[in-house]
Amino acid sequence: MKKLIYILLICVPVFVSACTKSDASWTDDELFDAVLQETVLTVTPSIRYQPIVGFGGMYNPKIWWGSNMLTDADINKLYGASGLGYSILRLMIYPKESDWTADVSGARIAQQNGALVVACPWDCTDALDDKTHPKGKHLNPEKYQEYTDHLVKYVNYMKDNGVNLYAISMQNEPDMDYTYWKPAEVVNYIRDYGAQIRATGVKLMAPEACGMQPAYTDPVLNDPVAFANTDIVAGHLYQGFTDLSSSYVKNRHDYITGLYDTRLAPAGKTWWMTEHLFNDGADETDSFKWKFWTWDYCMSHLAKEIHMTMEGYCSAYIYWYLKRFYGMMGDNDLRSIVPEGEITKNGYILSHYAKYATSTTRIKVDSDDSSILATAYVNADGKEITLVVLNTTKKDTKLAIVLPVTVKGVSAVQTTKEVNMKETVSQLSQDGKSAFVLASANGITSVRLSLF
């Protein structure tokens, strides 16, 4: 009993002192010493994987969301260097040409901020529908040339109005009911008409099926001409990607991630994730069931999926609506957790990748703790290495980042339940071969290392 009292007398004052001491009065060494958990991240810049093009979201379409459009100020907040730094904007190719002007201003602003603009058709237009699909539209094969003319006209219209599209898709989700295509029809169209679209200077994305499913992707890969005309193999992840305990999801995950080394990289091509969203519980009337409101949900869904797509050789990640209660920015929906025009937690998560991985090449990084998930990137001139790290544990962690090269400077920011893109403690070892960063529990931390 006397021993217990002695321990309490010694330890309690130290604990009280630590709890009452302000962050500003701690030295970096004291903060690191107070953290009991350490994880070593070993970076190997010489082992390189896929190029990373960028990250972004879907521009709210005028024909669906006329009352919830992105303002020019919203676009600057999302795409500006002083904002979230997003690097890809996705547009809908409206069936009516009279609607095309609605997206020009926003696309121009995103482009002026350095973003790539891509576009995708949902509707083949009433004039080209052969009325054979019971739930939606189906493009008349005899009118493929007219459809191509429609897409080429859109590309040229945007160019004439100051928007140089980076890529367009031949069809959003051909396996669904907006405009349905059989897999063989997708192949035939890309094979016979894809060159006309690429002749405008844009890249062609395909097949962009709802679940990145082999039934649509394999036929394109297996036709030499169709594959040659396909610059970006695109698809969505609505059929699951992160829950590898499900044999179905694991098989789909392994299929997608296996494409890069075996089929795409040898041909100089990449795969992009061009649409997904997370809004579990959105249809519930009880707000306590709106799972997308919670930080844990954002971390275990969006953050984990982006991390796993990067590990899976994906070159671009594009979320669904930018401005929506489950998107990157709050809207006027009562389910929005932030006021209209304010940034959501999802918005900050995507910004970590947009600001720290865009226009880089992913490189090898090994973590000695499976609960600390890290991806690493090197810029084009090799003078900067960045990391995005998910600390999925319940403990603050000291990241010890080990490199085979000398580091000149280190900085880091983190997002947690409490803070957004806030600077966190970082320092270099005396020999410059290691960097140390404080990664808060259940948070996402991004690190920037400048090299000699």
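This is a predicted model, so every value here is computed, not measured. Only heavy atoms go into these numbers, but all of them, side chains included; no hydrogens, no water, no symmetry mates. Numbers here simply count residues along the sequence, with the first being 1.
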Minimum heavy-atom distance between [X] and [Y], given as atom pair plus value:
X	Y	answer
Val447	Tyr356	O-CD2, 3.7 Å
Gly330	Ser336	CA-OG, 3.3 Å
Lys304	Thr242	NZ-O, 4.1 Å
Glu185	Tyr180	OE1-O, 4.4 Å
Tyr313	Thr257	CD1-O, 3.5 Å
Glu305	Phe241	OE1-CB, 4.0 Å

Could you tell me whether the side chain of [X] and the main chain of [Y] form a donor-acceptor pair under 3.5 Å?
X	Y	result
Thr230	Ile232	no
Arg90	Ile318	no
Arg335	Ala282	yes
Thr44	Ile47	no
Trp271	Gly312	yes
Thr42	Val402	no
Asp280	Lys291	no
Arg362	Met310	yes
Asn229	Ile190	yes
Ser351	Leu84	yes

Given side chains that start at C-beta, do those of [X] and [Y] come closer than 4.5 Å, heavy atoms only?
X	Y	answer
Val419	Tyr348	no
Pro45	Val378	no
Pro61	Tyr321	yes
Glu173	Thr274	no
Lys135	His133	yes
Leu277	Tyr319	yes
Leu116	Ser87	no
Thr270	Leu264	no

Legend entry - salt bridge (Lys or Arg N to Asp or Glu O under 4.0 Å) contacts touching residues 312-322 (sequence neighbours left out):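 Of all non-adjacent pairs touching residues 312-322, none passes salt bridge (Lys or Arg N to Asp or Glu O under 4.0 Å).
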Legend entry - Validation row, ring centre Tyr147 to ring centre Tyr189 under 6.0 Å: yes
Legend entry - Ring centers of Tyr86, Tyr79 separated by less than 6.0 Å: yes
Distance, nearest 0.5 Å, that separates [atom1] of [X] from [atom2] of [Y]:
X	Y	atom1	atom2	result
Asp218	Asp223	CG	CG	12.5 Å
Tyr326	His301	OH	NE2	15.0 Å
Leu41	Leu387	CG	CG	6.5 Å
Ile63	Trp122	CD1	CH2	9.0 Å
Gln171	Cys124	CD	SG	7.5 Å
Ile256	Gln213	CD1	CD	10.5 Å

Legend entry - Residue among Tyr297, Phe278, Phe325 satisfying ring pair (Phe, Tyr, Trp, His ring centres under 6.0 Å) with Phe292: Phe325
Inset, instruction - Return yes when atom CG of Asp381 has more than 12 non-hydrogen atoms of other residues, nucleotides or ligands closer than 6.0 Å, and no otherwise. - result: yes
Legend entry - side-chain hydrogen bond (donor to acceptor under 3.5 Å, both in side chains) evaluation trace for Asn391 with Thr393: CA-CA 6 Å; Asn391 180 359; Thr393 75; 2.7 Å; yes
Inset, instruction - Check the pair Tyr317, Leu302 against side chain to side chain contact (heavy atoms under 4.5 Å, CB included), reporting the backbone distance first and the verdict last. - result: CA-CA 11 Å; Tyr317 188 99; Leu302 181 63; 3.6 Å; yes
Contacts of type salt bridge (charged side-chain N to carboxylate O under 4.0 Å, His left out), residue [X], not counting sequence neighbours:
X	answer
Glu340	Lys323
Lys269	none
Glu384	Arg448
Asp366	Lys364

Show which side-chain atoms of residues 432-443 pair as donor or acceptor with protein atoms under 3.5 Å away, not counting sequence neighbours.
residue : atom : partner : partner atom : Å
Ser440  : OG   : Gln414  : OE1          : 3.3
Ser440  : OG   : Gln414  : NE2          : 2.8
Asn442  : ND2  : Asp296  : OD1          : 2.7

Inset, instruction - Please lay out, stage by stage, how Ile75 and Asp72 fare under the test side chain to side chain contact (heavy atoms under 4.5 Å, CB included). - result: CA-CA 5 Å; Ile75 291 291; Asp72 290 353; 5.6 Å; no
Inset, instruction - Test side chain to side chain contact (heavy atoms under 4.5 Å, CB included) on Val338 and Ile343 and set out the steps. - result: CA-CA 7 Å; Val338 297; Ile343 305 304; over 6 Å; no
Legend entry - Any side-chain donor near an acceptor of the partner, Asp369 and Ser367, under 3.5 Å: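 No, no side-chain donor-acceptor contact under 3.5 Å.
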Legend entry - Tyr238 side chain to Glu275 side chain, donor-acceptor N/O pair below 3.5 angstrom: yes
Inset, instruction - Apply salt bridge (charged side-chain N to carboxylate O under 4.0 Å, His left out) to the pair Lys62 and Asp103, showing each step before the final yes or no. - result: CA-CA 8 Å; Lys62 169 194 172 182; Asp103 297 351; over 6 Å; no
Inset, instruction - Before giving the answer on side chain to side chain contact (heavy atoms under 4.5 Å, CB included), spell out for Leu322 and Met329 the whole-Å C-alpha distance, their side-chain angles and the decisive distance to 0.1 Å. - result: CA-CA 6 Å; Leu322 286 164; Met329 172 182 279; 5.9 Å; no
